[in-house]
J.: 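Sharing a structure, written as structure tokens. Questions coming.
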Amino acid sequence: MKTRPAGIGSVNADWMGSLPAELSAMPLKHLAVPGSHDSFTFWVDVHAPVGPDQKAYVKYLATMFSVLAKKVMVKWSMTQNLTFKEQLDAGIRYFDLRVSSKPGEPGHEIYFIHGLFGHKVRDGLIQINSFLDRHRREVVFLDFNHYYAMDPEHHVYLINMLQEVFSSKLSNNCAVESITLDFLWEKKYQVIVFYHHPSAQGIPVMWPGNKIPAPWANTTEPNKLIQFLESTLKERAKQGSFHVSQAILTPRVNTVAKGLVWGLRNYLVERNLPTIMSWVEAQRPGVDGVNIITSDFVELTDFANIVIKLNNLLLSEHNRKSR
């Protein structure tokens, strides 16, 4: 599958703000929203130690073979090529975020992580906030769902950082059904943060993880993935949560061994994208339909555009009912 420069540029930078009034009045849980999986992996640090999210044998191999092992890890850790700004310009509005401290490093600095350490979290948040300052009707979901090597002080540091960077843009945790774009625009909210850890309990602007379930197929086979996506959509809760369909394949140890020098994108993602994207194109948002859909390497196809255009189905349905 040939790489396409789709989604690069700012054609979808204001897609939420451009939705017709019929859609901005609908609960956001009923709209189709494009997201990225392991959103921050566009850069990882091969010179830093292997992350604490890795199994002991991976850390051992990285210690023994150092840079060589890390170069292989890069090929299997990176799931995106676009920066946060490029993803936002392309229309991505949901970010899957995994974070860690660096064991042994003084202070409480937090980094993005996926096998290898990425950028400081603060730098990523500032980039997102800068975009939101320029696009006042766009809204993002920040899903902090994995934490490594973080003690209570690290969580306090990260939660304070989120409040400091986004300030009044942070939406208060409330009934999911009440969250429409109209409501968010009126309140000038642009950021919904999900914090999957007890440290955030009782903090009004930190939403609990159970309000954004993201079932994970954990398979290398596209047909099994699609069966899983279909069955979990049917089981989607009617009330109280958004829903993430993870349209991604997950390499196993033997997958990595077979495609060692190829990497995730060349060995697993590109060859299966047509099947996965056919499923995406056939979806419809709404009460029993898709909500947030995530993908690896969002620039390889017209992913964001395809997901955004699914909302036209809601519009035609709304127009039929109002006749």
J.: Under 3.5 Å, is there a donor-acceptor pair between the side chain of S130 and the main chain of I126?
T.: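 Absent.
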
J.: For P215 and T232, which heavy atoms make the closest approach, and how far apart are they?
T.: CB-CG2, 3.7 Å

J.: State yes or no: do F40 and I248 share one hydrophobic cluster built from I, L, V, M, F, W and Y residues joined by side-chain heavy-atom distances below 4.5 Å, directly or via other members?
T.: no

J.: Does F95 share a hydrophobic cluster with W43, counting links as ILVMFWY side-chain heavy atoms below 4.5 Å and allowing steps through other members?
T.: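 Yes.
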
J.: Using the rule given for salt bridge (charged side-chain N to carboxylate O under 4.0 Å, His left out), can you reason through K102 versus E109, listing the C-alpha separation, both sets of side-chain angles and the distance that settles it, and then say yes or no?
T.: CA-CA 8 Å; K102 279 186 183 173; E109 200 61 71; over 6 Å; no

J.: Quick check on the hydrophobic clustering: are I226 and V290 connected, directly or via other members, by side-chain heavy-atom contacts under 4.5 Å?
T.: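 Yes, it is one cluster - the side chains of I226 and V290 are joined through contacts under 4.5 Å.
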
J.: Taking it one step at a time, do K211 and N173 satisfy side chain to side chain donor-acceptor pair (under 3.5 Å)?
T.: CA-CA 10 Å; K211 287 195 172 182; N173 173 23; 2.7 Å; yes

J.: Could you pull out the closest heavy-atom pair between K29 and V176, with the gap in Å?
T.: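 Looks like CD-CG1, 3.7 Å.
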
J.: Centroid-to-centroid, F42 to H119, below 6.0 Å?
T.: yes

J.: To the nearest 0.5 Å, what is the distance between CG (L97) and CG (D143)?
T.: 7.0 Å

J.: List the atom of A90, the atom of A304, and the distance in Å for their closest heavy-atom pair.
T.: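 Heavy atoms only, the tightest pair is O-CB, 3.2 Å.
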
J.: Check whether any side-chain N or O of H154 sits under 3.5 Å from a backbone N or O of D151 as a donor-acceptor pair, and report yes or no.
T.: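 Such a contact is found between H154 side chain and D151 backbone.
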
J.: Could you tell me how the ring of F131 sits relative to the ring of H135: parallel (under 30°), tilted (30 to 60°) or perpendicular (over 60°)?
T.: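 Parallel: the ring planes of F131 and H135 meet at under 30°.
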
J.: Search all heavy atoms of P34 against all heavy atoms of W15 and return the closest pair with its distance.
T.: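 Closest approach of P34 to W15, heavy atoms only: CD-CZ2, 3.7 Å.
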
J.: Would you please classify the geometry between the F242 ring and the W207 ring as parallel, tilted or perpendicular, with 30° and 60° separating the classes?
T.: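 The rings of W207 and F242 sit tilted, inter-plane angle from 30° to 60°.
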
J.: Side chains of R136 and K169, heavy atoms from C-beta outward: is any pair under 4.5 Å?
T.: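 Yes. Closest side-chain heavy atoms under 4.5 Å.
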
J.: Check for me, please, whether V156 and V193 land in the same ILVMFWY cluster - side-chain distances under 4.5 Å, paths through other members count.
T.: no

J.: Using 0.5 Å steps for rounding, measure from the OG1 atom of T41 to the NE2 atom of H114.
T.: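 Reported to 0.5 Å precision, the distance equals 7.0 Å.
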
J.: For a quick check under 3.5 Å, do W216 and T250 share a side-chain donor-acceptor pair by atom type?
T.: yes

J.: Restricting to non-hydrogen atoms, name the atom on A21 and the atom on D182 that form the minimum distance, rounded to 0.1 Å.
T.: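 Answer, listing the atom of A21 first, then D182: O-OD2, 4.5 Å.
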
J.: According to a hydrophobic-cluster definition based on side-chain heavy atoms being under 4.5 Å apart (Ile, Leu, Val, Met, Phe, Trp, Tyr only), do M277 and L310 belong together?
T.: yes

J.: Please lay out, stage by stage, how L88 and R93 fare under the test side-chain contact (heavy atoms from CB on, under 4.5 Å).
T.: CA-CA 7 Å; L88 286 160; R93 294 293 177 268; 3.8 Å; yes

J.: Under 30°, 30 to 60°, or over 60°: which ring-plane class applies to H108 and Y157, parallel, tilted or perpendicular?
T.: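 Taking Y157 first and then H108, their aromatic rings sit tilted (interplane angle of 30° to 60°).
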
J.: Just do the side-chain contact (heavy atoms from CB on, under 4.5 Å) check on E164 and R122 with the steps written out, would you?
T.: CA-CA 10 Å; E164 177 192 323; R122 184 181 293 274; 3.2 Å; yes

J.: Would you give the length of the straight line joining atom CD1 of I292 to atom CG of D96, rounded to the nearest 0.5 angstrom?
T.: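 That separation rounds to 11.0 Å.
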
J.: Over all heavy atoms of both residues, which pair between I293 and A247 is shortest? Give the atoms and the distance, please.
T.: CG2-CB, 4.1 Å

J.: Can you tell if the side chain of Y189 reaches within under 4.5 Å of the side chain of V139, non-hydrogen atoms only?
T.: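 When only atoms from C-beta onward are counted, V139 and Y189 do not touch, as no gap falls below 4.5 Å.
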
J.: Could you grab the distance from atom CZ of F141 to atom OG of S171, nearest 0.5 Å is fine?
T.: 9.5 Å

J.: If you define the side chain from C-beta out and look only at heavy atoms, does anything of I276 sit under 4.5 Å from S295?
T.: no

J.: Checking Q87 side chain against S39 main chain: does a donor-acceptor pair fall under 3.5 Å?
T.: yes

J.: Might you work through the side-chain contact (heavy atoms from CB on, under 4.5 Å) test for V280 and T301, ending with a clear yes or no?
T.: CA-CA 12 Å; V280 173; T301 66; over 6 Å; no

J.: Taking the side chain as every heavy atom from C-beta outward, state whether L23 and P20 have any pair of such atoms under 4.5 Å apart.
T.: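 Yes, side chains in contact.
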
J.: Does the distance from a Lys or Arg side-chain N to an Asp or Glu carboxylate O, for K234 and D288, drop under 4.0 Å?
T.: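 No.
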
J.: Less than 4.0 angstrom from a charged side-chain N to a carboxylate O is my criterion; do R137 and D14 meet it?
T.: no

J.: Are any of the side-chain heavy atoms of L225 and N272 separated by less than 4.5 Å?
T.: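 The answer is no, as the side chains (C-beta and beyond) never meet within the 4.5 Å cut-off.
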
J.: Do Q190 and F166 have side chains that approach each other closer than 4.5 Å (heavy atoms only, starting at C-beta)?
T.: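 When only atoms from C-beta onward are counted, F166 and Q190 do not touch, as no gap falls below 4.5 Å.
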
J.: Do the non-hydrogen side-chain atoms of L162 and V191 ever get within less than 4.5 Å of each other?
T.: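 Of all side-chain heavy-atom pairs linking V191 with L162, none is under 4.5 Å.
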
J.: Rounded to the nearest 0.5 Å, what's the gap from CG on N305 to CG on N12? Could you check?
T.: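 Rounded to the nearest 0.5 Å, the CG-CG separation comes out at 4.5 Å.
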
J.: Just by modelled atom types, is the M16 backbone N or O under 3.5 Å from a matching donor or acceptor in the E138 side chain?
T.: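 Checked: pair present.
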
J.: How far apart are the C-alpha atoms of E230 and W279, what are their side-chain angles, what is the distance that settles it, and do they pass the side-chain contact (heavy atoms from CB on, under 4.5 Å) test?
T.: CA-CA 10 Å; E230 294 286 352; W279 180 83; 2.7 Å; yes

J.: So Q80 and S36, side chain to side chain donor-acceptor pair (under 3.5 Å) or not? Walk me through it.
T.: CA-CA 8 Å; Q80 304 297 334; S36 56; 4.6 Å; no

J.: Check whether T79 reaches the backbone of D38 with its side chain - one donor and one acceptor, N or O, closer than 3.5 Å.
T.: yes

J.: Could you give the distance from CD (Q283) to CG (L229), rounded to the nearest 0.5 Å?
T.: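 Taking CD in Q283 and CG in L229, the distance rounds to 8.0 Å.
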
J.: Quick check, are the ring centers of H197 and F144 under 6.0 angstrom apart?
T.: no

J.: Under 6.0 Å between ring centres: does that hold for Y195 and Y147?
T.: yes

J.: For the rings on F84 and F112, is their centre-to-centre separation under 6.0 Å?
T.: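 Centroid distance F84-F112: below 6.0 Å, so yes.
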
J.: Answer whether the closest heavy-atom distance between the side chains of L31 and P285 falls below 4.5 Å.
T.: no

